[in-house]
Amino acid sequence: MNSTSKGYGTLYTFLEDSERMKYYRQAAAHGNLTAMKELAYFLRYGKGIEQDCRESFQWYLRAASFNDVDAILAVAEMYAEIGTAQNLPKALEIYKKIANSNHSEKIDRKYAAKKIAYIYEKFFNDGRMMIKWLKKSALFGDIDARFRIAEIYRDGKYIEPSGEDALKWFTAILDDKKLSDEERYSAAFEIAQIFHNGTIVPRSDTEAVKYFKLSTKANVVIARIAYNTLAKIYCTSKEITPNIGMVLHWLKKAIGVGSRQAMWIATKIYRDGKFGVRQNGEKALEILREPAEQNFDTMSKIVALRMIAEMYEKGLSIPEDKQKADELYQESDLISNEWIQAINNMQLQV
């Protein structure tokens, strides 16, 4: 429910919550709709006033009698929160009335349909009805519902898994230009994993590579996994010819978004001369210097410093230098101790 004050309620936003309650009560008692909803909201969550869900519910009921959708949805939510056999049917009745009404706003219809799906799953363990209402919410454009349906087909929860249907739903999200890049390319990541895993569709690293490349536009977390997986595919795939140049290319991309795993693998390739690459200590150091010296995350910086120190300590593809190794170990310990202290201070403040 949108609890932001509108109309009457905005007159008292400069007051403390406890003071605002006095005015809301007076206005609500005189039939002001916004005041009723504001008072109900503050009572429901105990903001500036002692929490009283029973009284909150009564004010929402009064506001709902004005056919206010926000208040009606709040009544349904509170019926569902109580979660008894007596009240769940009432919640479903309200939600279904909104979801099936051609006069309701689309945003309210998709929300109501999704809440119906939630109730059928959580309280009745009815997968068939849950999926039915999720699809209705998806029809109204709810992105969470669309992802959930695709995941249900992928994982086979409540129904038989279907790679064809999972791909259809994920692809529809990817192709929907009205959605954000993160939403669209997160769907690309799911498609890539389906092809790469090859459990519900025939495995295809060619298709996986195509969609993993797209998925790097979603967010840093997905990009990190996608880059690492692309490197792995070009190293181990039976379908795609191994290509150490592409392995190193994708590892470098992964390092650029903070992958310590990629940093370690790429360093070992050059340091130890793996996969036909000539041993090259300077290249290994080059990989490590950027996270060690630039503005990378603290843990990556610590790991990079210790890896460089180990190379100097043991003479791994570079001349042994115990003094340099000790200096680097001390630097990494100093950063590590400062980092731990900063975390402890932050926890104390919280």
Side-chain angles (χ1 to χ4, degrees), residues 1-99 101 104-126 129-130 133-134 137 140 142-145 148 345-350:
M1 189 195 82
N2 180 2
S3 63
T4 304
S5 298
K6 295 178 181 178
Y8 186 93
T10 58
L11 296 175
Y12 304 109
T13 54
F14 61 91
L15 297 173
E16 293 292 328
D17 288 344
S18 57
E19 286 297 310
R20 292 169 70 187
M21 290 307 97
K22 298 176 184 177
Y23 292 99
Y24 286 145
R25 280 195 180 281
Q26 292 175 13
H30 286 84
N32 184 280
L33 175 60
T34 300
M36 289 179 195
K37 292 193 294 180
E38 291 291 312
L39 178 59
Y41 173 83
F42 278 75
L43 284 164
R44 182 179 180 183
Y45 296 106
K47 293 182 178 292
I49 193 170
E50 185 177 351
Q51 186 177 31
D52 189 335
C53 290
R54 186 180 296 275
E55 186 183 356
S56 169
F57 184 69
Q58 294 304 315
W59 283 112
Y60 275 131
L61 280 175
R62 283 190 62 180
S65 69
F66 289 81
N67 289 322
D68 182 87
V69 175
D70 284 347
I72 292 169
L73 286 172
V75 169
E77 283 176 3
M78 295 189 79
Y79 274 133
E81 284 172 4
I82 296 168
T84 64
Q86 179 181 1
N87 291 310
L88 285 172
K90 293 180 180 177
L92 286 172
E93 180 184 350
I94 294 169
Y95 283 134
K96 287 179 180 179
K97 185 175 181 180
I98 293 172
S101 170
S104 297
E105 296 289 336
K106 185 178 284 189
I107 190 171
D108 296 321
R109 297 179 71 186
K110 71 180 181 181
Y111 174 80
K114 190 163 65 171
K115 294 294 286 188
I116 295 167
Y118 168 79
I119 290 171
Y120 274 118
E121 181 179 29
K122 180 176 180 180
F123 296 106
F124 299 113
N125 196 31
D126 189 334
M129 290 298 289
M130 183 267 289
W133 286 99
L134 271 182
S137 182
F140 297 137
D142 188 274
I143 187 62
D144 292 335
R148 185 74 197 288
N345 290 339
M346 186 167 59
Q347 289 174 339
L348 287 172
Q349 290 172 7
V350 173

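Treat the numbers as computed from the prediction; the structure is a model and nothing was measured.
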Distance, nearest 0.5 Å, that separates CD1 of Ile98 from CD1 of Ile72: 5.5 Å

Lys110 to Ile107 - nearest heavy-atom pair and separation: CG-O, 3.4 Å

pair Tyr120-Asn125: side-chain heavy atoms closer than 4.5 Å: no

Sub-4.5 Å side-chain heavy-atom contact between Phe124 and Leu88: yes

Greater than 12 external heavy atoms within 6.0 Å of Glu93's CD: no

Flag side-chain contact, heavy atom, 4.5 Å: Val69 against Glu105: no

Heavy-atom pair with the smallest gap, counting every atom of Ala35 and Ala27: CB-CB, 3.5 Å

Heavy-atom closest pair, residues Ala99 and Trp133: CB-CZ3, 3.8 Å

Parallel, tilted or perpendicular: ring planes of Tyr24 versus Phe42, cut at 30 and 60 degrees: tilted

Flag side-chain contact, heavy atom, 4.5 Å: Trp59 against Arg25: yes

Beyond-backbone contact of Arg148 with Met130, side-chain heavy atoms, under 4.5 angstrom: yes

Stacked cation flag Lys114 on Tyr111, 6.0 angstrom / 45 deg: no

